[in-house]
Amino acid sequence: MPVATFTLMGASILMAIIMMCSTGSIEPDAQACAAYGANYRPLTFGGQLWRLFTSAFIHFDIKHLAMNMLCLFSIGCFLEKLIGHGKLLCAYVLTAFTGGMLSMIYHPDAVCAGASGAVFGLFGVGTMYMLLIWRTCNLNAGHVLGYMKNGLVFIGINFLYGLFPGVDIAAHIGGLVGGLVLGALMALPTMKKDLPYGDWYHRGITLAAVLLSAVMLVTVFTGRNADRLDTDALSAEVAKSVQNKLKESLENAGGNNVSVKIKNIYLFHDEGEKYHGLIEADLRCDGDSETLTKKIDVTYDGNNMMWVLED
């Protein structure tokens with residue numbers, strides 16, 4: 001029985017239920033996803049590296065969840081029979097990490113989440129593992145080719161789907177490459193059965209998978225920043241303050257017919273009294289118009305609020 005695959009699927013589904021109950025919506029916004037562990041570069045690289053793992057259990061809507069769970073079931077059940085429960089957990093966690101890292105590099109200002117990077121990683125693990133050990137373990141060549149064919153169709157469909165806006169193709173690539181490397185490492189003891197460290201290698205992978213998974217799931221289910229989900233009031237206060245400051249700066253610089261309108265503001269709780277986010281504003285001055293997009297850091301203790309726009 002593919003216990004690890006069902007556990008991973010159950011964790012993602014349970015996370016969706018928790019978020020739905022917390023937010024009252026089947027399509028949680030970026031703020032809610034960030035609160036429960038989605039990737040957001042200023043937070044992730046600002047000391048919350050656990051988001052590289054937990055983001056694999058967060059989904060933006062039911063369609064996003066259903067597609068990833070279907071792919072996870074299809075690939076995970078087969079791969080788990082081949083490499084075992086512990087290694088599958090390890091592969092999922094580590095390729096979620098590699099997918100999340102590349103995602104953060106290519107999407108520095110976006111909130112990113114979803115299991116697709118880790119699912120691509122599992123396919124990469126299975127592909128490389130079977131290519132290296134199928135003769136050693138007397139695997140049926142037809143099964144290997146069938147897996148490869150189905151996997152390539154899966155990869156092709158997802159890459160085409162990745163051409164649409166909002167799809168994190170960087171996470172897919174990062175997960176796939178990480179999976180190919182990890183699959184080769186997992187195949188080594190099987191190819192070299194006389195290696196003295198073979199048994200300890202397998203045990204180490206299993207232990208690492210269990211420990212990483214336990215830490216990750218506890219972090220996800222506690223919703224580390226869930227108590228800061230509602231930032232509407234703070235966002236409105238910051239938007240008004242920024243709008244007035246920008247207008248004053250333009251007027252002091254000699255501008256005429258100055259108009260400033262805040263289009264969007266997104267604030268994500270970091271820790272304590274700190275928030276990070278993005279702000280977009282339409283500026284009009286002397287007949288010219290410009291759209292300004294800036295990162296913003298906010299400090300708010302419940303009474304006093306200060307903000308700084310990053311250059």
Side-chain angles (χ1 to χ4, degrees), residues 15 18-25 27-55 58 60 100 104 107-113 218-285 289-311:
M15 194 68 248
I18 291 173
M19 291 179 64
M20 182 177 67
C21 294
S22 177
T23 64
S25 172
E27 297 184 3
D29 59 14
Q31 173 65 33
C33 290
Y36 277 95
N39 261 332
Y40 180 54
R41 182 169 175 168
L43 301 182
T44 303
F45 289 171
Q48 299 182 11
L49 290 176
W50 49 269
R51 292 178 178 274
L52 292 166
F53 305 110
T54 58
S55 59
I58 309 296
F60 291 107
M104 289 296 91
H107 304 292
D109 300 326
V111 175
C112 302
V218 168
T219 304
V220 171
F221 292 145
T222 56
R224 173 167 174 166
N225 293 324
D227 59 329
R228 299 299 183 98
L229 278 174
D230 187 5
T231 61
D232 290 347
L234 177 59
S235 296
E237 184 178 352
V238 173
K240 183 178 179 180
S241 178
V242 173
Q243 179 175 290
N244 292 337
K245 187 63 176 180
L246 289 176
K247 185 176 181 180
E248 179 184 341
S249 297
L250 290 172
E251 289 174 341
N252 289 341
N256 297 309
N257 300 318
V258 174
S259 172
V260 178
K261 180 181 179 181
I262 304 298
K263 291 176 59 179
N264 293 299
I265 180 169
Y266 307 96
L267 290 181
F268 306 101
H269 179 235
D270 184 352
E271 60 182 1
E273 301 168 357
K274 298 179 181 179
Y275 294 78
H276 297 292
L278 294 172
I279 190 164
E280 299 176 57
D282 282 335
L283 310 180
R284 294 183 182 275
C285 182
S289 61
E290 177 188 358
T291 298
L292 179 74
T293 301
K294 288 280 190 179
K295 294 180 181 179
I296 186 169
D297 293 326
V298 178
T299 302
Y300 179 64
D301 63 3
N303 295 307
N304 301 309
M305 180 270 295
M306 294 186 297
W307 55 266
V308 177
L309 292 181
E310 297 185 13
D311 295 330

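What you see below is based on every heavy atom in this structure, not just the backbone, and it leaves out hydrogens, waters and symmetry mates.
Interatomic distance, Leu43 CG to Phe45 CZ, rounded to the nearest 0.5 Å: 11.5 Å. In this structure, the separation between CG on Asn256 and SG on Cys285 is 7.0 Å, given to the nearest 0.5 Å. The distance from atom CD1 of Ile262 to atom CG of Leu283, rounded to the nearest 0.5 Å, is 8.0 Å. Rounding to the nearest 0.5 Å places CD of Glu273 at 7.5 Å from OG1 of Thr299. If you take CD1 on Ile279 and NZ on Lys295, they are separated by 15.0 Å, rounding to the nearest 0.5 Å. Atom CH2 in Trp307 sits 12.0 Å away from atom CG in Leu267 (nearest 0.5 Å).
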Validation: residues 244-254 side-chain donor-acceptor distances under 3.5 Å, sequence neighbours left out:
residue : atom : partner : partner atom : Å
Asn244  : ND2  : Lys240  : O            : 3.3
Ser249  : OG   : Lys245  : O            : 3.0
Asn252  : ND2  : Glu248  : O            : 3.2

- Please test Thr54 against Met15 for side chain to side chain contact (heavy atoms under 4.5 Å, CB included), starting from the C-alpha separation and ending with a verdict. CA-CA 10 Å; Thr54 58; Met15 194 68 248; over 6 Å; no
- Given Ile18 and Tyr36, is the side chain to side chain contact (heavy atoms under 4.5 Å, CB included) satisfied, shown in steps? CA-CA 10 Å; Ile18 291 173; Tyr36 277 95; 4.0 Å; yes
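Of all heavy-atom pairs between Trp50 and Gly37, the closest is CZ3-CA, 3.7 Å.
The shortest distance between side-chain heavy atoms of Cys112 and Arg41 does not fall below 4.5 Å. A heavy-atom distance below 4.5 Å is found between the side chains of Met305 and Val298. Counting only heavy atoms from C-beta outward, the side chains of Asn264 and Thr293 never approach each other to under 4.5 Å. Side-chain atoms of His107 and Asn39, non-hydrogen and from C-beta on, never get closer than 4.5 Å to each other. The shortest distance between side-chain heavy atoms of Val111 and Tyr266 does not fall below 4.5 Å. Put simply, the side chain of Tyr40 reaches to within 4.5 Å of the side chain of Leu278, judged on heavy atoms.
Between the side chain of Arg51 and the backbone N or O of Ala34 there is at least one donor-acceptor pair closer than 3.5 Å. Side chain of Arg284 to backbone of Val258: no donor-acceptor contact under 3.5 angstrom is found.
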